[in-house]
Amino acid sequence: MTSFKVLKANKQLIIFPVLSAISLILIFGSFFTAVLANAGWDISNIRDSDNRVMYYALLFVFYVINYFIVMFFNMALLHCSKMYFDGEEATIRDGINFSLSRIGVIFSWSLLAATVGLILRLIQENVGAIGKIITGLIGVVWSIATFFVVPVIAYEKLGPIDALKRSVQLMKQKWGESLGAGFSFGLIHFLAIILLAIAAGIIGVLTNVIVGVAVFVLGVFLLAAIFSAVRTIFVSAVYNNVAGNLDDHFDQQLVDSLFTQKRK
C-alpha cells in the first residue's frame, strides 16, 4: 500500500513500464514477423525437428531482448524511486540517463538471464512432466535469488555473476536462507483484473460488446503498468532499507515484518 502511495505522488513513474511494454511490442512484432516470413509463413516450420538448433537460437535472442528491455526500464524507474526517497526531484530523463550509464552490465545480465531461461526451457520441453516440476522449483529459487539484482547492478557496480551472489548474500544476511513473504502483489493484481472484467462486462452490456472488450484490454494494459511500477518501487525501498538508507515511507520495522524467517 505504501508503494502505491509513492506511485500516486510520482505518477510520471508509470511511464517506464509503459515505454517498456511499447518497446517489447514493437521489437517482438518485427522480430516475429521476420522469423515467420523466413519460415514461409508457417509457424510449424519454426519448431520443425530439422530446425531445432535455429529454434533455440532464436529463442535465446528473444530472451536476451526481453530481459534487456525490462532491466533497462526497471533500472530507470528504480533510480527515480531512489531519488524520490532521497528527497530529490526525479524526471524521466534522469532515469533514462542512469540506465544508459549502466547499459553494458544490463546487457551482460540479459545474457546470463537468457542463458538460464533457455536451459530451463530445454529441461521443460525434453524431460516431460518431471521437467516442468523441476523448472517450477528452480523458477521459485531464481526469483528469490534475483530479488535485489536490479539495485545491486545499479548502485554496487558489480558484474552479473557477482550481482547474483550479492543479491543472495543480502537475502541470507537479513532474513536467512529460508524465508516467507507477508505480501502479495499477484493477489491484488488478480482481484483488480476480476473487478475490471465485471466493470467491462457491464459497460459492454449497456453500450456495445466491442466497447466493453476495448475497455477491458486497455484496463489490463494499465493495470500491468501500474503493478510493474509498484513492484519496482517496492524493491527499491526494501533494498535501501537493507543497505541502511532508511526513509520515511518504508521504515525498518515495516520491512522486517514483510519478510519473516520460517520456523524449522
Side-chain angles (χ1 to χ4, degrees), residues 3-4 6-36 58-84 90-100 102-103 105-107 109-114 116-118 121 139 142-143 146-147 149-151 153-154 184-197 199-200 210-237:
S3 299
F4 279 105
V6 172
L7 179 62
K8 184 178 180 181
N10 298 266
K11 296 181 179 66
Q12 75 274 12
L13 296 182
I14 201 174
I15 293 297
F16 292 113
V18 170
L19 290 175
S20 178
I22 292 174
S23 299
L24 287 172
I25 291 172
L26 292 176
I27 291 176
F28 289 147
S30 302
F31 181 80
F32 182 74
T33 300
V35 171
L36 193 59
L58 291 174
L59 188 62
F60 179 76
V61 174
F62 178 90
Y63 283 156
V64 171
I65 295 174
N66 176 73
Y67 286 119
F68 180 85
I69 292 175
V70 172
M71 171 67 89
F72 182 90
F73 287 106
N74 278 353
M75 187 174 291
L77 197 162
L78 181 137
H79 182 62
C80 287
S81 299
K82 185 178 184 302
M83 291 180 67
Y84 174 75
T91 65
I92 303 300
R93 177 177 293 182
D94 290 327
I96 297 296
N97 286 340
F98 183 81
S99 288
L100 287 173
R102 306 293 291 144
I103 197 165
V105 71
I106 290 176
F107 180 70
W109 171 257
S110 301
L111 290 175
L112 175 62
V116 173
L118 183 62
R121 187 61 175 265
W142 178 257
S143 65
T146 59
F147 188 85
V149 159
V150 178
I153 288 178
S184 176
F185 287 110
L187 176 59
I188 301 173
H189 194 174
F190 175 74
L191 293 175
I193 290 178
I194 295 298
L195 293 175
L196 173 64
I210 296 178
V211 175
V213 172
V215 169
F216 180 73
V217 171
L218 290 175
V220 168
F221 181 80
L222 181 60
L223 285 175
I226 291 173
F227 278 89
S228 177
V230 168
R231 285 189 184 96
T232 304
I233 291 170
F234 177 75
V235 172
S236 176

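FYI, the numbering just counts along the sequence from 1. All heavy atoms count here, side chains included; hydrogens, waters and symmetry mates do not.
- A pairwise comparison of heavy atoms in Q12 and A90 identifies NE2-O, 3.4 Å as the closest pair.
- L78 contributes atom CG, which lies 7.5 Å from atom CE of M75 (distance to the nearest 0.5 angstrom).
- Distance check: I188 CD1 to L223 CG gives 12.0 Å after rounding to the nearest 0.5 Å.
- Within the 4.5 Å cutoff, no side-chain heavy atoms of V213 are placed close to those of I210.
- To the nearest 0.5 Å, the span separating OG on S99 from CZ on F16 amounts to 7.5 Å.
- Shortest non-hydrogen contact noted between S23 and F73 is OG-CE1, 3.8 Å.
- Atom CD1 of I153 sits about 10.0 Å away from atom OG1 of T146, to the nearest 0.5 Å.
- Take I194 and apply the side-chain contact (heavy atoms from CB on, under 4.5 Å) test, not counting sequence neighbours, and it matches F190, I198.
- Residues passing the side-chain contact (heavy atoms from CB on, under 4.5 Å) test with F62 are F28, F31, sequence neighbours excluded.
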Under 3.5 Å donor-acceptor pairs involving side-chain atoms of residues 227-237, not counting sequence neighbours:
{"unit_1": "T232", "atom_1": "OG1", "unit_2": "S228", "atom_2": "O", "d": "3.1"}

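- The 12-atom threshold is exceeded at CZ of F4, counting heavy atoms of other residues, nucleotides or ligands nearer than 6.0 Å.
- Summarising the geometry of L13 relative to P17, their closest heavy-atom pair is O-CD, 3.4 Å, with the distance given to 0.1 Å.
- No side-chain heavy atom of Y67 sits under 4.5 Å from any side-chain heavy atom of L111.
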Report the C-alpha distance between L100 and I103 in whole Å, list the side-chain angles of each, state the deciding distance to 0.1 Å, and finish with yes or no for side chain to side chain contact (heavy atoms under 4.5 Å, CB included). CA-CA 5 Å; L100 287 173; I103 197 165; 4.3 Å; yes
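- To the nearest 0.5 Å, atom CD1 of residue I226 and atom NZ of residue K8 are 12.0 Å apart.
- The distance from atom CG of L77 to atom CD1 of I92, rounded to the nearest 0.5 Å, is 8.0 Å.
- Between Y63 and L59 there is a side-chain heavy-atom pair separated by less than 4.5 Å.
- Side-chain contact between W109 and L112 is present, with at least one heavy-atom pair separated by less than 4.5 Å.
- Looking only at side-chain heavy atoms (C-beta outward), T91 and D94 come within less than 4.5 Å of each other.
- Counting heavy atoms from C-beta on, the side chains of V220 and F216 come closer than 4.5 Å.
- Scanning all heavy atoms of the two residues, the minimum distance from A154 to R102 falls at O-NE, 3.8 Å.
- By the neighbour-count criterion of 12 heavy atoms within 6.0 Å, atom CG of L191 is densely surrounded, having more than that number from other residues, nucleotides or ligands.
- Formation of a donor-acceptor pair under 3.5 Å by the S110 side chain with backbone atoms of I106 is found in this model.
- Of all the heavy atoms in W142 and A113, the pair that sits closest is CZ2-CA, 4.4 Å.
- Side-chain contact between L222 and I14 is present, with at least one heavy-atom pair separated by less than 4.5 Å.
- The nearest pair of heavy atoms linking L196 to G219 is CD2-C, 3.4 Å.
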